[in-house]
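Notes to accompany the following structure.
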Amino acid sequence: MFESLSTKLTSAMRTLKGKGSITDVNVASTIKEIRRALMDADVNYKVAKEITDNIKDQALGQKILIAVEPGQLLVKIVHEELTKLMGGEKQEINLKGDPAIVLIAGLQGSGKTTFSGKLAQHIKKSGRQVLLVACDIYRPAAIDQLKVLGEQVGVEVYAEPENKNAVSIASNALEYAKKMGKKVVIVDTAGRLAVDEAMMAEIEEVKKAIRPTETLFVVDSMTGQDAVNTAKTFNDRLNFDGVVLTKLDGDSRGGAALSIRQVVEKPIKFISTGEKMEALDQFYPDRMANRILG
Ligand code: GDP
């Protein structure tokens, strides 16, 4: 096990004890240490630098000087800084509209279909009629997977296995939802193993056709810095409304959450912490700050 960020912060501050005051010179190595620790937790370099610059400004001020336990105070400052950078408060998805339409995008294997099932269950619990739509025209298995999940959570799944046009499936599904009085439509789209032009063009077309009230980008937290690059590519094309971070039951430190938020400037709205339908949580910036601090 590697040392947690908060342990590192506390011991880094210990080296400053007895130095009398905190100056640019004697704080430099501590700041470097914090930056390295943040990067160990998967925070990208630019973001880590921004954070440490802010921390340095605060540490050089009065706060640290009068502290009894400077290490703990530094942990608190970092916690506040991380929370603030991740948006401070939790953010809801927009379910206005009749029906509300949620478009789910992301790479293959990121956890889109699993999340679609979870979100359907989550919304259903609030008493709204949900329709799941299988728009993956390339992998018949993906349709079956969504049907199994739909059955599990008691939500109807709309699919047209013979139709090879994602835009037409999505549009037909919308018509069907209106006819059936569904209040929320969740559209699960096709992913690829890596970003590719045809996939991007297709999902862009689907988005234009159905005009979702909420577009969510799903990303695997275990993919570290790649997650940030993928998020940027998807956001440039789709201008999504929020991020879903999956597989946080793994040992990823959660720094990807911070980096993505900073790079695409979109809030993280949900986290997924397992394969079971119950393993879904709204995203709380302060809890993620705790995780990053370790
Ligand atoms: P999609 O290709 O984006 O639709 O991805 P899937 O929903 O099929 O998920 C890919 C794999 O990751 C499946 O085996 C899921 O059971 C698994 N998975 C999805 N979300 C999570 C999660 O939060 N934690 C873990 N451990 N596994 C997950």
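Since this is a predicted model, take the numbers as computed values, not measurements. Order of appearance sets the numbers: ligands from 1, and atoms from 1 within every ligand. Reckoned from all heavy atoms, side chains included, excluding hydrogens, waters and symmetry mates.
A heavy-atom cutoff of 4.0 Å around ligand 1 is satisfied by the protein residues Leu107, Gln108, Gly109, Ser110, Gly111, Lys112, Thr113, Thr114, Arg139, Gln145, Lys247, Asp249, Ser272, Thr273, Gly274, Glu275.
Take Asp196 and apply the side chain to side chain contact (heavy atoms under 4.5 Å, CB included) test, not counting sequence neighbours, and it matches Arg192, Ala198, Met199.
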- Task: Would you sort out whether Glu92 and Gln282 count as a side-chain hydrogen bond (donor to acceptor under 3.5 Å, both in side chains), showing the intermediate values?
- Result: CA-CA 8 Å; Glu92 304 290 337; Gln282 282 189 279; 3.0 Å; yes
- Give the C-alpha distance, both sets of side-chain angles, the deciding distance and a yes or no for side-chain hydrogen bond (donor to acceptor under 3.5 Å, both in side chains) between Thr213 and Asn94. CA-CA 6 Å; Thr213 34; Asn94 179 7; 5.5 Å; no
- Message: Apply side-chain hydrogen bond (donor to acceptor under 3.5 Å, both in side chains) to residues Tyr138 and Gln108 and explain how you reach the verdict.
- Response: CA-CA 11 Å; Tyr138 308 99; Gln108 187 179 316; over 6 Å; no
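If you take CG on Leu131 and CD1 on Ile186, they are separated by 9.0 Å, rounding to the nearest 0.5 Å.
A cation-pi arrangement is absent between Lys266 and Phe217, since the terminal nitrogen or guanidinium carbon is not both under 6.0 Å from the aromatic centre and inside a 45° cone about the axis.
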